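Some notes on the structure that comes next.
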Amino acid sequence: MTPLLRIEGLSKRFGGVTAVDAVSLDIAQGELHALIGPNGAGKTTLIHVLSGALPASSGRAVFDGVDVTHLPMHARVRSGLARSYQITSLFPNFTVLENLALALQPQRGHLFTAWQPVAGDETLFAQAQTQAQETGLAGRVDTLAGELAHGERRLLEIGLALATGARLLLLDEPMAGLGPDESQRLLQLLQSLKGRLTVLLVEHDMDAVFRLADRISTLVYGRIVATGTPEAIRAHPEVRRAYLGESAA
């Protein structure tokens, strides 16, 4: 089966420092693929390159059969390859529902600048309501985005990405800074997306990674040292030494 995202020898260098070193990886349609590794391993840099926030030094990324290596971020979003924060900044003085409606506009042929003419579009707001329900924010639709708790903002950011019609979602440590209850809500959302959406997840919460991931890749010093099922990665000797620790069960 052809992967939804194929990464072929992708590298990113900053002067004499190689942050991502000839990474090759296939992300299958519908899987939740986690990327783990110690701090400074190059995980966030790889996400930056895949999203278009940073140019690749060499190699390429092929999304759904199309080489997107040199496409700008907005073109990748239109193709269905999205990173949550890049979709749009939250509008703090707009409600949750209004933020979601704005993200949905391009799907209906509207421009972001044409907010006023669609403010009364009942179909658009019905879709936004459905998106709020799916992301666990149904009870907060009338709340200003600027008044949301930290974890709720994370849910809304993912909701905005989903509203654009994303088929592959890049998430970089979405659980960072969340309390136990907020983490559980986000975990439930990601669990609900499995099989419906393809996700590449960078996360340091190993409990979440091993609960969610279909496959896991471990990045060390910019290189993939292992890819496999959670069980295989947990038992991999090099992964244990480099990241999980010798005491990992």
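None of the values given here were measured: they were computed from a predicted structure.
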Does a side-chain N-to-carboxylate-O contact under 4.0 Å join E152 and R140?
yes
Sub-4.5 Å side-chain heavy-atom contact between M175 and E173:
no
Residue pair L193 / L162, side-chain heavy-atom distance below 4.5 Å:
yes
Would you kindly confirm whether L46 and V62 end up in one hydrophobic cluster when ILVMFWY residues are joined by side chain heavy atoms under 4.5 Å apart?
no
Answer with yes or no whether the side chains of H236 and E238 bring together a donor and an acceptor at under 3.5 Å.
no
Determine, step by step, whether L160 and N99 satisfy the side chain to side chain contact (heavy atoms under 4.5 Å, CB included) criterion, reporting the C-alpha distance in whole Å, the side-chain angles of both residues, the deciding distance to 0.1 Å, and the verdict.
CA-CA 8 Å; L160 295 176; N99 271 273; 4.2 Å; yes
What are the two closest heavy atoms between L197 and A166, and how far apart are they?
CD1-O, 2.9 Å
Atom OG1 of T44 and atom CG of L170: how far apart are they, to the nearest 0.5 Å?
11.5 Å
Are V199 and L187 co-members of a hydrophobic cluster defined by side-chain heavy atoms under 4.5 Å apart?
yes
Rounded distance (nearest 0.5 Å) linking atom CG of L32 with atom CG of L171
8.0 Å
Centre of F63's six-membered ring, under 6.0 Å away, within 45 degrees of the axis: is that where NZ or CZ of R76 sits?
no
Taking 4.0 angstrom as the limit, do E134 and R196 come out as a salt bridge?
yes
Is it the case that over 12 heavy atoms from other parts of the model lie below 6.0 angstrom from the CZ atom of R223?
no
Does some side-chain heavy atom of D214 sit less than 4.5 Å from a side-chain heavy atom of K194?
yes
Drop me the distance from D26's CG to H33's NE2, to the nearest 0.5 angstrom.
9.5 Å
Could you go through the side chain to side chain contact (heavy atoms under 4.5 Å, CB included) check for F125 and E98 one step at a time?
CA-CA 8 Å; F125 279 89; E98 289 167 341; 4.3 Å; yes
I'd like to know if K43 and D172 make a salt bridge, using a cut-off of under 4.0 Å between side-chain N and carboxylate O.
no
Under 4.5 Å between side-chain heavy atoms, counting indirect links through other Ile/Leu/Val/Met/Phe/Trp/Tyr residues: same cluster for I47 and L54 or not?
yes
Strictly by modelled atom types, are H70 and R60 linked by a side-chain donor-acceptor pair under 3.5 Å?
no
Would you call R211 and P230 a side-chain contact if the rule is heavy atoms closer than 4.5 Å?
no
Shared hydrophobic cluster for V17 and V20 (ILVMFWY, side-chain gaps under 4.5 Å)
no
Correct closest heavy-atom pair for D21 and Y221 would be CB-O, 4.5 Å
Which pair of non-hydrogen atoms, one from A145 and one from L90, has the smallest distance, and what is that distance?
CB-CB, 4.5 Å
Kindly indicate whether the side chain of V225, heavy atoms from C-beta on, has any atom under 4.5 Å from the side chain of L219.
no
Distance col, row S24:OG vs I224:CD1, nearest 0.5 angstrom, shows 9.0 Å
Expected output: side-chain R185 to main-chain G136 donor-acceptor under 3.5 Å:
yes
F94/L144 under side chain to side chain contact (heavy atoms under 4.5 Å, CB included): CA gap, chis, key distance, verdict:
CA-CA 5 Å; F94 283 8; L144 297 180; 5.8 Å; no
Just how far is it from atom CD1 of I216 to atom CE of M206, taken to the nearest 0.5 Å?
7.0 Å
State, to 0.1 Å, how close A161 and L169 come at their nearest heavy-atom pair, and which atoms those are.
CB-CD1, 3.5 Å
Derivation of the side chain to side chain contact (heavy atoms under 4.5 Å, CB included) call for L178 and Q184
CA-CA 9 Å; L178 300 187; Q184 185 60 33; over 6 Å; no
Return the OG1 to CG distance between T95 and L100, rounded to the nearest 0.5 Å.
8.5 Å
Do L155 and L186 touch side chain to side chain, with heavy atoms closer than 4.5 Å?
yes
Is there a donor-acceptor pair closer than 3.5 Å between any side-chain N or O of T18 and the backbone N or O of R13?
no
Would the distance check show the side chain of S217 and the main-chain N or O of L35 forming a donor-acceptor pair, the cut-off being under 3.5 Å?
no
Should L71 and S79 count as side-chain neighbours, where that means a heavy-atom distance under 4.5 Å?
no
State, to 0.1 Å, how close E203 and P174 come at their nearest heavy-atom pair, and which atoms those are.
OE1-CD, 3.2 Å
Would you say that L148 contacts V96 through its side chain, given a criterion of any heavy-atom pair below 4.5 Å between the two side chains?
yes
Shortest non-hydrogen separation from Q129 to A138 and the atoms involved:
NE2-O, 4.2 Å
